[in-house]
Each structure stands twice: as C-alpha cells, then as structure tokens.
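Predicted, not measured: the structure shown is a model, and the values here were computed from it. Labels below follow one simple rule: chain letters A, B, ... track the order of the sequence lines, proteins then strands, and each chain is numbered from 1.
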Amino acid sequence: MSSELIVFIVLAAVSVLSAILMITRANPVSSALFLILNFISLAGLYLTLHAQFVAIIQILVYAGAIMVLVLFVIMLLNLEDEAPLRMQLTKRHYASVLFALLTLVLLVQAIGWLGGDTLAGMQQQSPRALVNGTVEHIGDVLFTAYVFPFLLTSILLLSAMLGAVVLAKKRFP
Amino acid sequence: MFITGVVGVLTRRNAIIIFMCIELMLNSVNLTFVAFSSYLGNEAGQMFVFFVMAVAAAEAAVGLAIVIALFRNRQTVNINEVNVLKW
C-alpha cells in the first residue's frame, strides 16, 4: 500500500465518521465541532487531489467563516439539547432513512452509467491536475473565462448581506 | 457523506442542525467536483467549487438570519413547532 492510499483512507474514514457523528449528536455545539472536523479532513482530501487553492478556501471559508457564524448563532440562541434521537424514532424517520438509501443506490447507478470509457480514463490523476490546482492557474482562469459568473457572485453576496441584515433586524420589540 | 447529510436533513428537528446538514451535502458535492476535475485534468470543476462555496456562504448568512428572526418570534428552533405555513 502506498502512503498516498493510506492517507486517503484515513481522511475518508475521518470525514465519513465525523459526518455520521455530526447528525447523531443531541447537542448542537458538538454537532458543529464534528462538522468542522469533517471540513478539515475534506481540506486534506483536496490536498491529496492537488487542489491547493480549494483546500485553503475550504479552511478559510467553511471551517473559519461559516462555522464561526453557526457557532455564534448557537451561542446567541442559547439552545438546550434535543431529546435523544433514539427516543424520537418514528415511522417517518425510518421512511426518511429508507429514501436516503434509495438515493444512494441511484447515485451508484449513475456512476455506473458513466460508461467504461470515462471511467477507464480516470484510473489515475491527470498530469494536468498538478497545474490546475495552483492559485496561479485558478486566478488566471477565474479572471478570463469565468469573469462573468465571478461578477455575478459579487451581486449575490451583496444581496445576501442585505437580506441577512433585514431579516435579523428587530421588528417586534 | 451526501447520504448522511440527507438523513440528517430528514430526521433532525433543529433548524440549525438542518443547516449544517445542508452544508455537509454541498461539501460532498464539492468533493466529487474536485475529484473529477483532478482525474479528468479539467479546471472547470474547481471553478464550480469556488462558486458553490460563494453560494453556500450567502445561503448560510441568510439562513441563520431567518433562524434568528424565527427564534425571536417563536422562542424555538424546532421545526415541528413552526407550522404557520401548514394547511
């Protein structure tokens, strides 16, 4: 087993386990902390895929900004623990797990339908991946081919900011 | 991981945890984007991940603002007790 494979298996196991732990915790804070662990292991996975830029952004934006926002809101609302999951298992819960498993089957099928040619071309990482992931190349493409969606993103973020301020404003004193 | 997120959204009754599960699903999709982009040698996947992250940040900000407004009106974030829109 190559060292790369071992790193991949460890990171994948950490991310899946932390995701499962995250949805089963009763306390929102521990749930959020497991989500941060998940994000960090994902950043490691991006590094093994030679996507340095995405890995750094993952840590900065997700583990940094978004999760701090989530933790801050949890703290602001002063939430108590939910009833343990086992106590509230109903028929609807079993049905939702069943539907999720059906979705899993569908996804595996979809990968199967990709066809042998595409999958055969994906047996190893493309040599271009080494270049593609660098900040230099990402910036180059972002400001040439993808400059219009990039500008649209700024409008989206502005409207989201305004929307958040308006929604969180105190309306009913 | 995506399936874990789906299960979380469907089973948990806490609005904030549902938000975190949505983030989980977005991240699993991001992971497949980066993996395909890396194995096919195409940078479009990584660009898409960039935009997905921007949308996720906007969604998190608006969503948490909605949660705060909700909590201020109802004193709860349990979505079973928020049924104004129910028939």
Side-chain angles (χ1 to χ4, degrees), chain A residues 15-16 19-20 22-23 28 31-32 35 38-39 42 45-46 49-51 53-54 57 61-62 65-66 69-70 73-74 76-77 79 82 85 93 96-97 99-101 103-104 107 121-122 125-129 132-133 137-138 141-142 146 149 153 156-157 160-161 163-165 167-168 170 172, chain B residues 1-14 16-17 19-21 23-24 26-28 30-51 53-73 75 77-78:
Chain A
S15 61
V16 171
I20 292 172
M22 181 211 134
I23 66 164
S31 198
L35 189 57
N38 185 10
F39 287 164
L42 268 185
L45 278 175
Y46 292 152
L49 290 166
H50 302 294
F53 176 72
V54 177
I57 291 292
V61 173
Y62 269 115
I66 293 185
L69 201 64
V70 169
V73 168
I74 291 173
L76 203 65
L77 300 187
L79 297 177
E82 246 181 291
L85 210 58
H93 287 90
S96 54
V97 172
F99 273 111
L101 288 177
T103 320
L104 175 67
L107 282 176
M122 289 172 59
Q125 286 192 18
S126 158
R128 286 194 57 197
N132 277 345
H137 186 260
I138 294 265
V141 179
L142 184 62
Y146 292 88
T153 307
L156 173 77
L157 288 176
M161 193 174 74
V165 169
L167 278 171
K170 193 170 252 180
F172 307 101
Chain B
M1 228 173 84
F2 183 81
I3 301 306
T4 322
V6 173
V7 172
V9 168
L10 291 175
T11 53
R12 293 310 295 269
R13 301 293 83 185
N14 185 329
I16 291 181
I17 300 203
F19 271 112
M20 292 196 279
C21 290
E23 302 287 332
L24 191 64
L26 285 170
N27 268 285
S28 61
N30 277 353
L31 180 63
T32 44
F33 267 131
V34 172
F36 274 96
S37 136
S38 157
Y39 279 78
L40 294 175
N42 187 345
E43 76 276 335
Q46 297 195 11
M47 300 317 305
F48 218 96
V49 168
F50 181 79
F51 293 119
M53 279 180 181
V55 172
E59 171 257 331
V62 174
L64 289 171
I66 291 176
V67 169
I68 289 180
L70 190 69
F71 188 79
R72 197 170 280 148
N73 283 335
Q75 308 301 316
V77 287
N78 188 324

Visitor: A/I57 and B/M53: which non-hydrogen atoms are nearest, and at how many Å?
Guide: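 Taking every non-hydrogen atom into account, CG2-SD, 3.2 Å.
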Visitor: A/L69 versus chain B, heavy atoms under 4.5 Å apart: side chain, backbone, both or neither?
Guide: both
Visitor: For B/A58 and A/A160, work out which heavy atoms get closest and say how close.
Guide: CB-CB, 3.4 Å
Visitor: How long is the span from the OH atom in A/Y46 to the CG atom in B/N27, to the nearest 0.5 Å?
Guide: 5.5 Å
Visitor: Calculate, to the nearest 0.5 Å, the distance between atoms CD and CD1 belonging to B/E23 and A/I66 respectively.
Guide: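 Here the interatomic distance stands at 4.5 Å.
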Visitor: Measuring heavy-atom distances to chain A, does B/V49 have an atom under 4.5 Å in its side chain, in its backbone, in both, or in neither?
Guide: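 It is the side chain, since no backbone atom gets that close.
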Visitor: Within a strict 4.5 Å, meaning less than it, do heavy atoms of the A/Y146 and B/F50 side chains meet?
Guide: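 No, their side chains stay 4.5 Å or more apart.
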Visitor: Using 0.5 Å steps for rounding, measure from the OH atom of A/Y62 to the CG atom of B/N30.
Guide: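 Going from the OH atom of A/Y62 to the CG atom of B/N30 covers 5.5 Å.
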